[in-house]
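Counting begins at 1 with the first residue of the sequence. On a predicted model such as this, the values are computed, not experimentally measured, just so you know.
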Amino acid sequence: MGSQHELPADRSYSKPLGIRFLEYIKKAKLSYESHQAIVLIVTFFAYASYHATRKTTSIVKSALDPQSSDVGLKFPWRITYLSAPAESKGLSWVLGDGWAPFNGSDGTALLGQLDVAFLSVYALGMYFSGHMGDRMNLRIFLTVGMVGTGLFTSLFGAGYWAKIHSFYYYLIVQMIAGLFQSTGWPSVVAVVGKWFGKKKRGLIMGIWNAHTSVGNITGSLIASALLSYGWGWSFVVPGLLIAFMGLVVFFFLPVSPESVGAYREEDEVDSLRKSEEEEGVTEPLLGSNTELKEKAVGFIEAWKIPGVAPFAFCLFFAKLVAYTFLYWLPYYISHTAIEGKYLSNEAAGNLSTFFDIGGVLGGILAGHISDRLDARAITAATFMYCAIPALYFYRSYGHVSVVMNVALMFICGMFVNGPYALITTAVSADLGTHSSLKGSSKALATVTAIIDGTGSVGAAIGPLLTGYISAESWSAVFTMLMGAALVAGLLLTRLVVAEVAARISESRSQGGSQTGSEAPE
C-alpha cells in the first residue's frame with residue numbers, strides 16, 4: 001500500500017534535459033513547488049521576450065520616417081520606392097536620415113501597413129496556434145515559435161546592412177514574424193493553467209502578466225539605446241534574445257505535472273479534489289492516464305463555453321485601446337509639444353515606458369481584486385469604465401508638463417492594461433478549465449486562443465484606424481479610444497449582472513443561516 005504514491009516513478013516521463021540536470025545536481029526529485037517556480041520564471045521571461053521583439057517597431061518607426069509629423073495613413077495601399085533613390089544609397093546612415101521607402105511622403109502609410117499586416121497574420125495565426133497547441137507538445141511548439149520569431153525579427157533588421165529598400169521584403173518578413181509570434185500566448189497560458197489551481201489564480205497571473213509590460217519596457221529601452229548605432233541593431237538584438245529564450249524553454253519548461261511525474265503532497269491533492277468536485281469537476285486531477293483519456297475540445301464547442309464570447313468581444317475593444325498605445329505612443333509623444341518643446345525619438349521611447357509600468361500595477365490590482373471579490377467581470381468592466389476619464393485627461397492635460405504627462409500616462413496604463421491582463425490570463429485559464437468541460441484541461445490553449453485571437457483583431461484595427469484618424473486630429477483618436485473602452489465595459493453587462501446577483505443571493509443565504517442558528521431552540 002505504501003508504494004502506491006511511488007508507482008508512477010517507473011514511467012518514462014518526457015522530462016526536459018534541464019530538469020534532469022537540476023535533479024542530477026540536487027541528487028533528488030524536484031518538488032511540485034519547484035516545478036511551479038520554474039514554470040512561472042521560464043514562461044515569464046519567454047513571453048517578455050515576445051513583447052520585446054514586438055515593441056521595437058514602434059520605437060524604430062520615427063527613425064525610419066523622421067519628418068512625417070503631419071502625415072497619416074492614406075488609402076489605398078500604395079507601395080513606393082521598390083529600389084532606393086540614388087541619394088539614399090550612401091554607405092553611412094545617420095539618425096534623422098530616415099530609410100527608403102519609409103521616408104517618402106507616404107512613409108507613415110507604409111509603416112501603418114506593416115503594423116496591420118503583422119497583427120492580421122498574428123490574429124489569424126492565434127486561432128490555429130491554440131488548436132495545434134492543445135494537440136502538440138507545448139514545449140516544442142513554443143521553442144519553434146520563439147526561434148522563428150527571433151530569426152524573422154533579425155531578418156527585418158538585416159535589411160539595414162543589406163541596404164534593402166523594397167517594401168515587399170519588410171512586409172513579408174513582418175507577416176511571417178507575426179505568424180511565429182502567435183504561438184506564444186496560447187502556449188504559455190495553457191502551461192501555467194495546468195500547474196496552478198483556481199484559488200489564487202487572479203493574483204498569481206496578475207503578477208506573472210507583468211511580463212507583457214516588462215517585455216515592452218525592455219524592448220523600448222534596447223531599441224532606443226541601439227538606434228544611434230544603426231536601426232538594424234534595434235531588431236537583431238531582441239531577435240537574438242528571444243531565440244536564446246527559446247532554447248531555455250526547450251531545456252527547462254515542464255509542460256504539465258503529468259509530463260514530469262510531479263505530484264502534490266497527499267493532503268493537498270485531497271483538498272484540491274474536493275474543491276474540483278464542488279465546482280462540478282469530477283475527473284481526478286492527477287490520474288496517470290488522464291492525458292490519454294482527454295480529448296481536445298473543438299473550436300465551435302470552445303466558443304459555446306459560458307463566458308467565452310462576451311470576454312472575447314470585450315478583449316477586442318480592450319486590445320484595440322492597448323495596442324494603439326503600444327504602436328503609436330512613442331510617435332504621439334515625439335510629435336506633441338510638452339511644455340512647448342518636442343522630445344527626441346529616444347526620449348519619447350523612454351518616456352512611453354511609464355504606460356507599461358502603470359500596466360504592471362493595473363494587472364496585479366485587477367487580479368487581486370477579482371480574486372478577493374470572486375468577480376472577474378465586475379473587475380474588468382469597472383477598470384474599462386475608469387479608463388475613459390483617464391484617456392480624456394491624458395489628451396487634455398498631458399502637454400502641460402513632463403511630470404503631468406508621466407502621471408496621466410501611468411494612470412491610463414493602469415486602467416487600460418488591468419482588464420486586458422485579467423481577461424487574457426485568469427479569465428482564459430478559468431474558462432479553459434470550466435466545469436462544463438468535465439475536467440478536461442485540453443481546452444486551455446483553444447479557449448486562450450479564441451479570446452486573445454479575437455482581441456488581436458481589435459489590436460490590428462486600432463493602430464490602422466489611428467493612422468487614418470491622426471492625420472485629421474489626435475483628439476479624434478482619443479475619442480475613438482474612449483468609445484472602445486465604453487463598449488468593452490458594456491459587453492460584460494450580462495456577466496456583471498449575473499455576478500452581482502450571485503453575490504446578493506450568497507449574502508442572503510449567509511444571513512439566513514446566521515439568523516437560523518441564532519433562533520431560540
Side-chain angles (χ1 to χ4, degrees), residues 193 196-206 268 270-283 285 297 301-315 317-318 362-387 415 418-441 443-444 447-448 450-451 485-521:
F196 292 89
K198 197 177 173 183
K199 199 178 173 196
K200 283 197 173 176
R201 193 181 268 163
L203 178 61
I204 289 167
M205 285 193 152
E268 212 175 334
D270 291 339
S271 66
L272 250 155
R273 194 169 287 146
K274 204 178 289 175
S275 69
E276 293 283 333
E277 281 166 7
E278 280 166 17
E279 286 174 32
V281 180
T282 53
E283 288 278 312
L285 187 72
V297 172
E301 291 126 65
W303 269 105
K304 290 176 182 170
I305 297 168
V308 167
F311 274 118
F313 291 118
C314 170
L315 190 63
F317 290 99
I364 294 169
L365 271 178
H368 181 61
I369 292 165
S370 72
D371 273 349
R372 290 295 297 269
L373 300 177
D374 193 20
R376 307 281 197 224
I378 292 170
T379 310
T382 305
F383 269 69
M384 283 316 319
Y385 292 138
C386 289
F415 288 125
Y420 161 38
L422 183 67
I423 294 167
T424 52
T425 54
V427 169
S428 296
D430 287 354
L431 296 173
T433 52
H434 195 267
S435 55
S436 65
L437 296 168
K438 306 282 187 294
S440 170
S441 63
L444 261 172
V447 167
T448 304
I450 285 174
I451 292 176
L486 177 66
V487 175
L490 291 174
L491 279 165
L492 296 180
T493 304
R494 197 168 60 83
L495 294 174
V496 168
V497 169
E499 285 183 355
V500 170
R503 295 294 85 75
I504 292 168
S505 65
E506 209 174 88
S507 60
R508 272 185 188 158
S509 65
Q510 279 177 353
S513 63
Q514 276 179 351
T515 51
S517 62
E518 284 166 16
E521 289 179 19

Student check: side-chain heavy atoms of [X] and [Y] closer than 4.5 Å:
X    : Y    : result
R503 : D374 : yes
L490 : Y385 : yes
E499 : I504 : no
L422 : F383 : no

Quiz item: With sequence neighbours left out, what residues match F317 under ring-ring contact (aromatic ring centres under 6.0 Å, His included)?
Solution: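 ring-ring contact (aromatic ring centres under 6.0 Å, His included) list for F317, sorted by chain: empty.
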Minimum heavy-atom separation for [X] and [Y], please, with both atom names.
X    : Y    : result
A366 : T379 : O-CG2, 3.5 Å
P419 : A380 : CB-O, 3.7 Å
M384 : A318 : SD-CB, 3.9 Å

Quick one: side chain to side chain contact (heavy atoms under 4.5 Å, CB included) partners of [X], sequence neighbours excluded?
X    : value
A312 : W303, I451, T454
L495 : P310, F311, A377, L492
A421 : N209

Quiz item: Between I204 and H368, does a side-chain contact (heavy atoms from CB on, under 4.5 Å) hold up when you go through it step by step?
Solution: CA-CA 8 Å; I204 289 167; H368 181 61; over 6 Å; no
